[in-house]
Amino acid sequence: MRNLTNILITGGAGFIGSNLVRHIFEKTDFTGRIVNLDVLTYAGNPYSLSDIDKQYGGSRYFFEKADIRNRAAVDAILVKYKIDTVIHLAAESHVDRSITGPEEFITTNINGTFTLLEALRSFWTDFDGKLFHHVSTDEVYGSLGNEGFFTEDTPYDPRSPYSAAKSASDHLVRAYFHTYGLPITLSNCSNNYGPYQFPEKLIPVMIEKMLDEKPLPVYGDGKNIRDWLYVEDHNSAVWTIINDGETGRSYNIGGENEWENIKLVHSLCEIVAKERGKEADYYKKLITYVKDRPGHDRRYAIDCSRMKKELGWKQAFDFEGGLLLTVKWYLENRKWIDTVKSGEYLNWMEKNYDER
Ligand code: NAD
Ligand code: TYD
């Protein structure tokens, strides 16, 4: 068990990051401080943590609006809060955006990670009790056929600008461990879902379109497969690694829960229909097959036995329960949705997405 005191979470205003901050305050025995460093792109929303800010703001929770690419800003935050642990989530995270505009993915995901690593290398004069945990994706491994699973030893084979940039950042993190001895751990996780996910990813897109009675865009033949994990399970895994993971080691995290997109969309349609008192097939008629995503990875599937065997982690949420919680959350939190939809997101959707 590591002794964590002052944790810096980058990207803590995003989907997984905001759930992580809440998870640490509400579900763990951590007694130290959390600093949330986030530049607040379209995907970052401090409103996601307004309850946490009210309860812990100024004593154990601090928000710093800053860019991970800005070395001076990062340096100042490390010094100000005497940071001993970093959980790095800040990134451009959406594959479709990386296809229409890759540049931010390169500068934030690669240069931003590099800036953090360099800042830590000079700030941590001794590495005792320090840790940099890098949150990454299974997409670095490329695409699977019908058989097999990604293990931690699967060679990297990224296909999108997003996964290529995440791959580069993973390599840099490992290089800093081997070259400079910087204490790092790394995790590669499958597709997350749950509350506070920006409505550009599959599950919240479908829920929002159903509520608006708009076409539900299914890419290609709808038979691409993803392994879905409830965000709370991802965060419990990250917390386990932070505390008990071996320095220098990578861990795969997954749901062991593979779904074809079209089957998942059917399930979602049924859940939303039930929650809204409509007949089971009400929303299915909105399903519309649209042009496929270029370079669309066919199948992701994670072997997470290292997490289970070495660190004793396991998933707590089954898919049925997790999806129901998620749908209910989106139905009950319209103010959050209105807040995130009021920004740049709408313009981008109109330009790049709705015309598919
Ligand atoms: P998100 O897009 O919801 O949030 C990203 C956050 O990073 C936002 O709050 C944004 O404002 C912030 N950010 C972006 N650029 C920044 C910069 N230059 N400086 C400071 N902050 C910046 O993403 P997410 O889905 O929460 O993903 C978080 C991390 O987890 C990412 O690194 C992603 O690659 C990884 N991941 C995501 C998934 C998934 O299914 N969503 C799965 C595996 C791994
Ligand atoms: P997404 O949520 O963007 O995650 P990722 O590309 O990182 O896996 O997409 C999940 C799957 O759903 C992927 O195969 C693409 C597909 N998809 C659609 O069919 N329609 C949509 O509107 C979206 C956003 C995704």
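Just follow the structure's listing: the first ligand is 1, and inside any ligand the first atom is 1. When reading the values below, keep in mind they use all heavy atoms of this one structure, side chains included, and skip hydrogens, waters and symmetry mates. Since the structure is predicted, the reported quantities are computational estimates derived from the model, not experimental observations.
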So if I count the atoms of ligand 2 from 1 in the order they appear, which ones are less than 4.0 Å from some heavy atom of [X]?
{"X": "V95", "result": "6 (O), 7 (O)"}
{"X": "H94", "result": "3 (O)"}
{"X": "V218", "result": "19 (O)"}

For ligand 2, is any non-hydrogen atom under 4.0 Å from [X]'s backbone (N, CA, C, O), its side chain (CB onward), both, or neither?
{"X": "N191", "answer": "side chain"}
{"X": "E200", "answer": "backbone"}
{"X": "L202", "answer": "both"}

State whether the shortest distance between N or O atoms of [X] and N or O atoms of ligand 2 falls below 3.5 angstrom.
{"X": "P217", "answer": "yes"}
{"X": "E139", "answer": "yes"}
{"X": "R226", "answer": "yes"}
{"X": "K201", "answer": "no"}
{"X": "W228", "answer": "no"}

request  = Please work out whether the ring planes of W329 and Y196 are parallel, tilted or perpendicular, with thresholds of 30° and 60°.
outcome  = tilted

request  = Describe, in one word, how the ring planes of Y219 and H296 are oriented to each other, choosing from parallel (under 30°), tilted (30 to 60°) and perpendicular (over 60°).
outcome  = perpendicular

task = Decide whether a cation-pi geometry holds between R121 and F132; the criteria are a distance under 6.0 Å from NZ or CZ to the six-membered ring centre and an angle within 45° of the ring axis.
result = no

ask   = Looking at F149, is R299 sitting on its ring face, NZ or CZ under 6.0 Å from the six-membered ring centre and within 45 degrees of the normal?
value = yes

query = Residues two or more places apart in sequence or in another chain: which of them pass ring-ring contact (aromatic ring centres under 6.0 Å, His included) with Y282?
reply = none

message = List the residues meeting ring-ring contact (aromatic ring centres under 6.0 Å, His included) with Y156, not counting sequence neighbours, and say none if there are none.
response = Y141, H171

ask   = Between the side chain of N252 and the main-chain N/O of C304, is any donor-acceptor distance below 3.5 Å?
value = no

Looking only at side chains, do [X] and [Y] share a donor and an acceptor under 3.5 Å apart?
{"X": "Y42", "Y": "E200", "value": "yes"}
{"X": "Y300", "Y": "D297", "value": "yes"}
{"X": "S187", "Y": "H133", "value": "yes"}

Within the 4.0 Å heavy-atom sphere of ligand 1, strictly under, residues = G11, A13, G14, F15, I16, D38, V39, L40, T41, A43, G44, A66, D67, I68, R69, L89, A90, A91, S93, T108, V135, S136, T137, Y162, K166, C189, S190, N191, N192

key: Pair E92 + R97, salt bridge at N-O below 4.0 Å   = no

inquiry  = Counting only heavy atoms, tell me which of H296, E260, R298 gets closest to atom 15 (C) of ligand 2.
reply    = H296

ask   = Among I262, N261, V265, which one has a heavy atom closest to atom 11 (C) of ligand 2?
value = N261

task = Please list, chain by chain and in numerical order, all residues satisfying salt bridge (Lys or Arg N to Asp or Glu O under 4.0 Å) with R226, sequence neighbours excluded.
result = none

